[in-house]
Amino acid sequence: MTPSSRRFPAALLCLCALAAGGCSAPGGGLGPTTPAPPVSSQPHPEPLWPAWSSVPGAAVGRQEPAPTPLKNAPEVGAEGVQGVDPVEVARADPRMRPYLGKDSIEAPGRAGLRPPVYRDLTGDGQSELIVAADTATGRWALCV
């Protein structure tokens, strides 16, 4: 047998193995009687404070520690976080205290506490309170 005639059976055997492997049942795909999973809408970003959406924020070059429950936070009553004073929550967070010396603000351009926002961030069906404070330097701090 010549070297080129030995290559032909090896190539044929390899081709048959590849063809047979490609004809096998898909592993994990949908079969003819398998129902397709329901379609769900994908989350998309939406601004928390629309008036501030076009105002670029300054990048912060440090990592913050993981959140822990606030020791002096006000109690959440029957009305949920919507019934809690956002300033009291921010005051209970030691990292937010330096930003509380200013008045509340309704639009960008001044230092102060933004209006509170309530959104379900965890997917549990309950809203979380989101508080932000703008600084005179153009940075802002966020408390959830």
Side-chain angles (χ1 to χ4, degrees), residues 3 6-144:
R6 279 188 236 150
R7 286 188 202 142
F8 179 72
L12 183 60
L13 179 63
C14 205
L15 183 62
C16 289
L18 288 173
C23 295
S24 64
L30 294 176
T33 60
T34 307
V39 176
S40 62
S41 64
Q42 296 298 310
H44 61 282
E46 58 183 83
L48 295 173
W49 294 275
W52 280 265
S53 295
S54 62
V55 178
V60 176
R62 66 175 192 217
Q63 285 288 109
E64 291 292 330
T68 57
L70 298 174
K71 292 179 181 155
N72 300 320
E75 291 292 323
V76 177
E79 52 292 321
V81 292
Q82 284 86 354
V84 177
D85 181 9
V87 175
E88 290 300 317
V89 174
R91 192 171 286 132
D93 186 346
R95 293 177 286 188
M96 288 295 288
R97 284 186 201 135
Y99 308 110
L100 296 177
K102 303 292 182 183
D103 294 331
S104 295
I105 55 175
E106 297 296 324
R110 294 184 326 144
L113 203 61
R114 293 182 186 185
V117 173
Y118 303 93
R119 295 279 163 77
D120 180 8
L121 301 176
T122 59
D124 65 355
Q126 297 182 359
S127 295
E128 279 74 42
L129 168 64
I130 306 167
V131 179
D134 289 8
T135 67
T137 63
R139 292 187 173 200
W140 50 276
L142 184 73
C143 176
V144 178

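All heavy atoms count here, side chains included; hydrogens, waters and symmetry mates do not.
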Name all residues meeting the side chain to side chain donor-acceptor pair (under 3.5 Å) criterion together with T135; count only those two or more places apart in sequence or in a different chain, and write none if there are none. T137
In short, A51 meets P108 closest at the heavy-atom pair O-CG, 3.5 Å
Report the residues that fulfil salt bridge (charged side-chain N to carboxylate O under 4.0 Å, His left out) with R119, sequence neighbours left out, ordered by chain and then residue number. E46
Holding to side chain to side chain contact (heavy atoms under 4.5 Å, CB included), I want the full list of residues that pass it with T122, two or more places apart in sequence or in another chain. D120, D124, E128
Side chain to side chain contact (heavy atoms under 4.5 Å, CB included) against R110, all qualifying residues, sequence neighbours excluded: I105
Value for CG (D134) from OH (Y99), rounded to nearest 0.5 Å, stands at 11.0 Å
Distance col, row M96:CE vs L70:CG, nearest 0.5 angstrom, shows 10.5 Å
Output for pair (E88 CD, L100 CG), nearest 0.5 Å, gives 9.5 Å
For I130 and Y118, run side-chain contact (heavy atoms from CB on, under 4.5 Å): C-alpha distance rounded to whole Å, both residues' side-chain angles, the deciding distance at 0.1 Å, then the answer. CA-CA 6 Å; I130 306 167; Y118 303 93; over 6 Å; no
Shortest non-hydrogen separation from A111 to A136 and the atoms involved: CB-N, 3.7 Å
Side chain W140, main chain A132, donor-acceptor under 3.5 Å: no
Sequence-distant partners of D103, side chain to side chain contact (heavy atoms under 4.5 Å, CB included), two or more places apart: none
Hey, are the side chains of V131 and D93 touching, using non-hydrogen atoms and a 4.5 Å cut-off? no
For A107 and W52 the tightest heavy-atom approach is C-CZ2, 3.4 Å
Can you name the side chain to side chain contact (heavy atoms under 4.5 Å, CB included) partners of V87, sequence neighbours left out? D85, R91, L113
Minimum heavy-atom distance R97-A92, with the two atoms named: NH2-O, 3.8 Å
Quick one, V89 and P74 - any side-chain contact, counting heavy atoms below 4.5 Å? yes
Pairwise side-chain contact, W49 with V117, heavy-atom cut-off 4.5 Å (strictly under): yes
